[in-house]
2 protein chains.
Amino acid sequence: MAARRPLPTRRRPSDEVDWKHVGLRRTPQREVVLDLVRSCDTHPTAEWIYRHARQALSDISLATIYRTLRILKEKGLIWEFSGGANPSRFDGTSHVHEHLRCISCGLVADIDLEDVRDLRREVSERTGWTLGRWPVVFHGLCQPCATRRAAVRQAAEERGPGEPGASSGPEDDRDLCGGFW
Amino acid sequence: MAARRPLPTRRRPSDEVDWKHVGLRRTPQREVVLDLVRSCDTHPTAEWIYRHARQALSDISLATIYRTLRILKEKGLIWEFSGGANPSRFDGTSHVHEHLRCISCGLVADIDLEDVRDLRREVSERTGWTLGRWPVVFHGLCQPCATRRAAVRQAAEERGPGEPGASSGPEDDRDLCGGFW
DNA sequence: CTGATTGCAAAAGATTTGCAACCCC
DNA sequence: GGGGTTGCAAATCTTTTGCAATCAG
């Protein structure tokens, strides 16, 4: 274990965790990963977390990132959004909220919805499933993707028939918009 | 191209597709894949589709299955549920309906929910996203997984503290319950 | 101390892609 | 006939795993 940049002195999300009760040993790696996921609202990928974690723990490995994310998820401390062939994104579950996921660029956004509580109960009663506090995910297009897609579709229609559901991946979005579908 | 078992003479889902308008050439491979996804309600994986497609088209390749699924998805003819490190599952979108996905075994179930229509509009207005007819996915535990998990948790608590969110993969579920989380 | 955790490198999957042969329109 | 499609095999990419060294309690 090499360079370990002094971590911020202000209170960190990982301080709030009762590690012993959760059944996990408290390590710098786990603290950094949890803090990264909990403190940013960008729903980062494992790769992004890896890059940023290295700024604090220079020799943390990608394997540890994945291992830690999986464990934190299993303990219910964070939530994962699977992304098909593309990387998963993670969310620090601090309070109950729902999600929007863009089917074009994979962006995940949070939203608070009071009304969903009743809906969960209804669904649970009708199906026998346990819906607890797990998120409800709406799928659709974020504004940039909707705009881009509309442009593409119009161009296609001017060229001739076909392409009713033309898709277009994200062109820019260098950092966190990996592209899901 | 070899053995091509006589396909069922009854009307098939793929007959309803206006291939030319969609902008795709009509091929036996595409018909079989679309028919399989549209005619079963089990939300199959690519692998499952491959195994079954071979019964009609003995030398169809897995690459074609994936390519076709991707294309059909891009054209809006089917819907994909990403599964992290685990295989995606597909759904033939015939009418608007919502989904339940088990966070333990990955099972996907359909459910009709009138009330969701208003909710979509509300979310759309509040966020500016385009939610169209894309599905809303509830996450939770299917009955078998909920039962199994409760048992595991109880056993853990009898042994001592910790394990508040213990996870357990599917043990049986040979055919279609791949395991997501 | 002692078992849990980590890094490293290699493995495992799922999905994609290059390319020549082939088939639908 | 010609360009869209397919099969095959190899490549890619994300995530997991085996194992010896190291660390937390």
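The figures here come from the full heavy-atom set of this structure, side chains too, leaving out hydrogens, waters and symmetry mates. Every chain is numbered from 1, with letters handed out A, B, ... down the list of sequences.
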Subject >> Rounded interatomic separation in angstrom, taking NZ from Lys20(B) and P from dT5(D) >> reply: 13 Å
**OP:** Send over the distance from Ile60(B) CD1 to dC8(D) C1', rounded to a whole Å.
**Re:** 14 Å
Original post:
Angle class for the Trp48(A)/His52(A) ring planes (parallel below 30°, perpendicular above 60°, tilted otherwise)?
Top reply: parallel
**OP:** To the nearest 0.5 Å, tell me how far Leu57(B) CG sits from Ile65(B) CD1.
**Re:** 8.5 Å
Subject >> Gap between atoms CG and C1', on Leu69(B) and dT16(C) respectively (whole Å) >> reply: 13 Å
**OP:** May I ask you to verify if any side-chain N or O of Thr64(B) is less than 4.0 angstrom from the OP1 or OP2 atom of dT6(D)?
**Re:** no
Original post:
Considering heavy-atom distances to DNA chain C, does Leu62(B) or Ile65(A) have its closest nucleotide positioned more toward the 5' end?
Top reply: Ile65(A)
Subject >> Straight-line distance of Ile49(B) CD1 to Asp35(B) CG, nearest 0.5 Å >> reply: 11.5 Å
**OP:** Compare the minimum distances between each of dT6(D), dG18(D), dT16(D) and the side chain of Thr68(B), then state the nucleotide with the smallest one.
**Re:** dT6(D)
Original post:
Would one find a side-chain N or O of Ser88(B) under 4.0 angstrom from OP1 or OP2 of dA14(C)?
Top reply: no
Original post:
Would you call Arg89(A) and Glu80(A) a salt bridge, using N to O less than 4.0 angstrom?
Top reply: no
Original post:
Does Ser58(A) reach the main-chain N or O of Arg54(A) with its side chain, forming a donor-acceptor pair under 3.5 Å?
Top reply: no
Original post:
Of all heavy-atom pairs between Gly92(B) and Ile78(B), which one has the smallest distance, and what is that distance?
Top reply: CA-CG2, 4.4 Å
Enumerate all atom pairs, one protein N or O and one N or O from nucleotides 1-5 of chain C, separated by less than 3.5 Å.
| unit_1 | atom_1 | unit_2 | atom_2 | d |
| --- | --- | --- | --- | --- |
| dG3(C) | N2 | Arg25(A) | NH1 | 2.5 |
| dA4(C) | O4' | Arg25(A) | NH1 | 3.4 |
| dA4(C) | O4' | Arg25(A) | NH2 | 3.3 |
| dT5(C) | OP1 | Arg25(A) | N | 2.9 |
| dT5(C) | OP1 | Arg30(A) | NH1 | 2.5 |
| dT5(C) | OP1 | Arg30(A) | NH2 | 3.4 |
| dT5(C) | O5' | Arg30(A) | NH2 | 3.2 |

**OP:** Figure out the OH/C1' separation between Tyr50(A) and dT15(D), and round it to whole Å.
**Re:** 14 Å
**OP:** Choose from dG7(C), dC19(C), dT16(D) the nucleotide whose nearest atom is closest to any side-chain atom of Arg70(A).
**Re:** dT16(D)
**OP:** Figure out the CD1/P separation between Ile49(A) and dT14(D), and round it to whole Å.
**Re:** 14 Å
Original post:
Which nucleotide sits closest to the side chain of Pro87(B): dT15(C), dT6(D), dC8(C)?
Top reply: dT15(C)
Subject >> Separation of atom CZ in Arg54(A) from atom C1' in dT6(C), rounded to whole Å >> reply: 15 Å
Original post:
Using 4.0 Å as the upper bound for N to carboxylate O, is an ion pair formed by Arg120(B) and Glu98(B)?
Top reply: yes
Original post:
Nearest of dA24(D), dT15(D), dT6(C) to any side-chain atom of Pro28(A)?
Top reply: dA24(D)
**OP:** Supply the atom-to-atom distance Arg121(B) CZ to Arg117(B) CZ, rounded to the nearest 0.5 angstrom.
**Re:** 9.5 Å
Original post:
For the pair made of OH in Tyr66(B) and P in dG13(C), what is the distance, rounded to whole Å?
Top reply: 13 Å
**OP:** Rounded to the nearest 0.5 Å, what's the gap from CD on Glu125(A) to CG on Leu131(A)? Could you check?
**Re:** 10.5 Å
Original post:
Quick one: side chain to side chain donor-acceptor pair (under 3.5 Å) partners of Thr127(A), sequence neighbours excluded?
Top reply: none
**OP:** For the helix from dC1(C)-dG25(D) to dC25(C)-dG1(D), measure the angle between the helix axis at one end and the axis at the other, each built from five pairs, rounding to 10°.
**Re:** 50°
Subject >> Interatomic distance, Arg89(B) CZ vs dT15(C) C1' [rounded to whole Å] >> reply: 17 Å
